[in-house]
Number of protein chains: 2
Amino acid sequence: MGVRKLQAAETESALLAAARQLFAERGYLNTKITDITGTAGRATGSFYQHFASKEELLRALETDMYEQGSAALASEGTGEPHDLADPVHLREHLAVAWEVMRGNRAVVAALFESAVAAGPASGALWDQLTTGTAVYREHLEYMRDQGRELPGDPELVAAAMGGMMSLLAYTMPPAYSADAVIDTLTALLLHGLAGPISDSGR
Amino acid sequence: MGVRKLQAAETESALLAAARQLFAERGYLNTKITDITGTAGRATGSFYQHFASKEELLRALETDMYEQGSAALASEGTGEPHDLADPVHLREHLAVAWEVMRGNRAVVAALFESAVAAGPASGALWDQLTTGTAVYREHLEYMRDQGRELPGDPELVAAAMGGMMSLLAYTMPPAYSADAVIDTLTALLLHGLAGPISDSGR
DNA sequence: GTCTATATCGCGATAGAC
DNA sequence: GTCTATCGCGATATAGAC
């Protein structure tokens, strides 16, 4: 690899790192391109040598996160469909999703802000939500095919679960304990507000 | 009321109506002040006679909705705390919240976009979420005091429930049937994915 | 490939006539 | 109170030297 190409690679990763930091601190919409080049220690014009726009830089961060996410899922052996109503499996799933999202807070936040800025009628956020929860939907469809009774349409249930998770991951102050969150969400999604013992048992 | 004051009131409500329409169509962030005055059939400068900024106009729409919301809650007699794990009460609560949110889609969307634009570190969305779910939290605390086992900390559970609702209300295409959504959410929040019969029953 | 300097533009906000 | 006209800022994107 030539000197110039190497320098280019360095600049590119410096820009990505700076963007990550700034997106986490002040959000995607509030981060200007000059902010990114500034913290990366580069000139404004250099940005466009690597990305056509802020939006395109975000796509790069996005694919990074997805690769990381599917790697984590694969290593946990969650590729095969299984019963989400099994406490161990459900908790595992939620834990992996939570860790990836919280570990990439900046990216989650930026994707979220970007989709929201497109406006409600654009459907960008709904697309993002259904795409991101496709794994849940498949598991739920598998459960339904096994004869299980579900709370409703798999796509809707999956979107509800994913929406809950991602909104919390976005908004929640970093101080919250990850374990507490995962425990609570597992309990809520597994047995609801009524708890593990059915009403008639009271 | 004098002629001028009357004309002013007309202009103001025209601006509010135009803003409502545009916020629903293209979202809050994508709506420019000149868009609002344009659709309202007024000149750009007139806007500032009534509102100091787009943000202030949004506050006016917000108070409108809250008054409407608390009126709806009062007429349903949901002021007193009761058991959210009761299917009838839970469904009632979710239905009222859903109707108000979907009936004021534009305002919900605008508040949401405004809070998101403030960035994740600002905590604006978290504040909005905890404030908006204060009613749930109170009910959950009441349940806990009655000796009920909850999935977790009331504030967290309330935020999770509210986040799910409001994100769905924001993103979901208008075509979805309200009844189906309310039924599904009630079932999910009441008994979770495992359903009304506990696992040991299988 | 990176830099500095600058063109360009959308949009919020104001001034002043009617 | 409403209108037309315009100022001025902030931010994207480009031009051209090194």
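Labels below follow one simple rule: chain letters A, B, ... track the order of the sequence lines, proteins then strands, and each chain is numbered from 1.
- The distance between atom CD of B:Gln49 and atom C1' of C:dA13, rounded to the nearest whole Å, is 13 Å.
- The side chain of B:His50 places an N or O atom within less than 4.0 Å of a non-bridging phosphate oxygen (OP1 or OP2) of D:dT2.
- Taking CG of A:Leu167 as the reference point, atom CG of A:Leu129 lies at 10.0 Å (rounded to 0.5 Å).
- Between A:Ser46 and C:dC3 there is a side-chain polar atom (N or O) within less than 4.0 angstrom of OP1 or OP2.
- Under the side-chain hydrogen bond (donor to acceptor under 3.5 Å, both in side chains) criterion, A:Thr37 pairs with no residue, sequence neighbours left out.
- Note that CG of B:Leu58 and CD of B:Glu113 are 10.0 Å apart. Values are rounded to the nearest 0.5 Å.
- To the nearest angstrom, P of C:dC3 lies 14 Å from CZ of A:Phe47.
- Of the inter-residue distances, the one linking A:His93 atom NE2 with A:His89 atom NE2 reads 9.5 Å to the nearest 0.5 angstrom.
- What you find for A:Arg102 and A:Ala169 is that their closest heavy atoms are NH1-O, 3.0 Å.
- Helical stems in DNA chain C, defined as runs of 3 or more consecutive Watson-Crick or G-U wobble pairs with donor-acceptor distances under 3.5 Å: C:1-18 with D:1-18.
- Here the CD-CD1 distance, from B:Glu99 to B:Ile182, works out to 5.0 Å after rounding to the nearest 0.5 Å.
- Atoms CG and OG1, on B:Leu94 and B:Thr186 in that order, are 4.5 Å from each other to the nearest 0.5 Å.
- Each ring-ring contact (aromatic ring centres under 6.0 Å, His included) pair with one or both residues in residues 152-184 of chain A, not counting sequence neighbours, appears once here: A:Phe112-A:Tyr170, A:Tyr176-B:Trp126.
- In the region residues 15-29 of chain A, proximity to DNA chain C at under 4.0 angstrom, judged on heavy atoms, holds for none of the residues.
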Heavy-atom protein contacts under 4.0 Å, nucleotides 9-15 of chain D, coded B base, S sugar-phosphate only, - none
--SSBB-
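- Taken to the nearest 0.5 Å, the OH atom of A:Tyr136 stands 8.0 Å off from the CG atom of A:Leu84.
- Residue pairs satisfying the side chain to side chain donor-acceptor pair (under 3.5 Å) criterion with at least one member in residues 57-73 of chain A, sequence neighbours excluded, are listed as follows: A:Glu55-A:Arg59, A:Arg59-A:Glu62.
- Closest heavy-atom contact between A:Met165 and A:Met101: CB-CE, 3.8 Å.
- The CG atom of A:Leu6 sits 15 Å away from the C1' atom of C:dT2 (whole-angstrom rounding).
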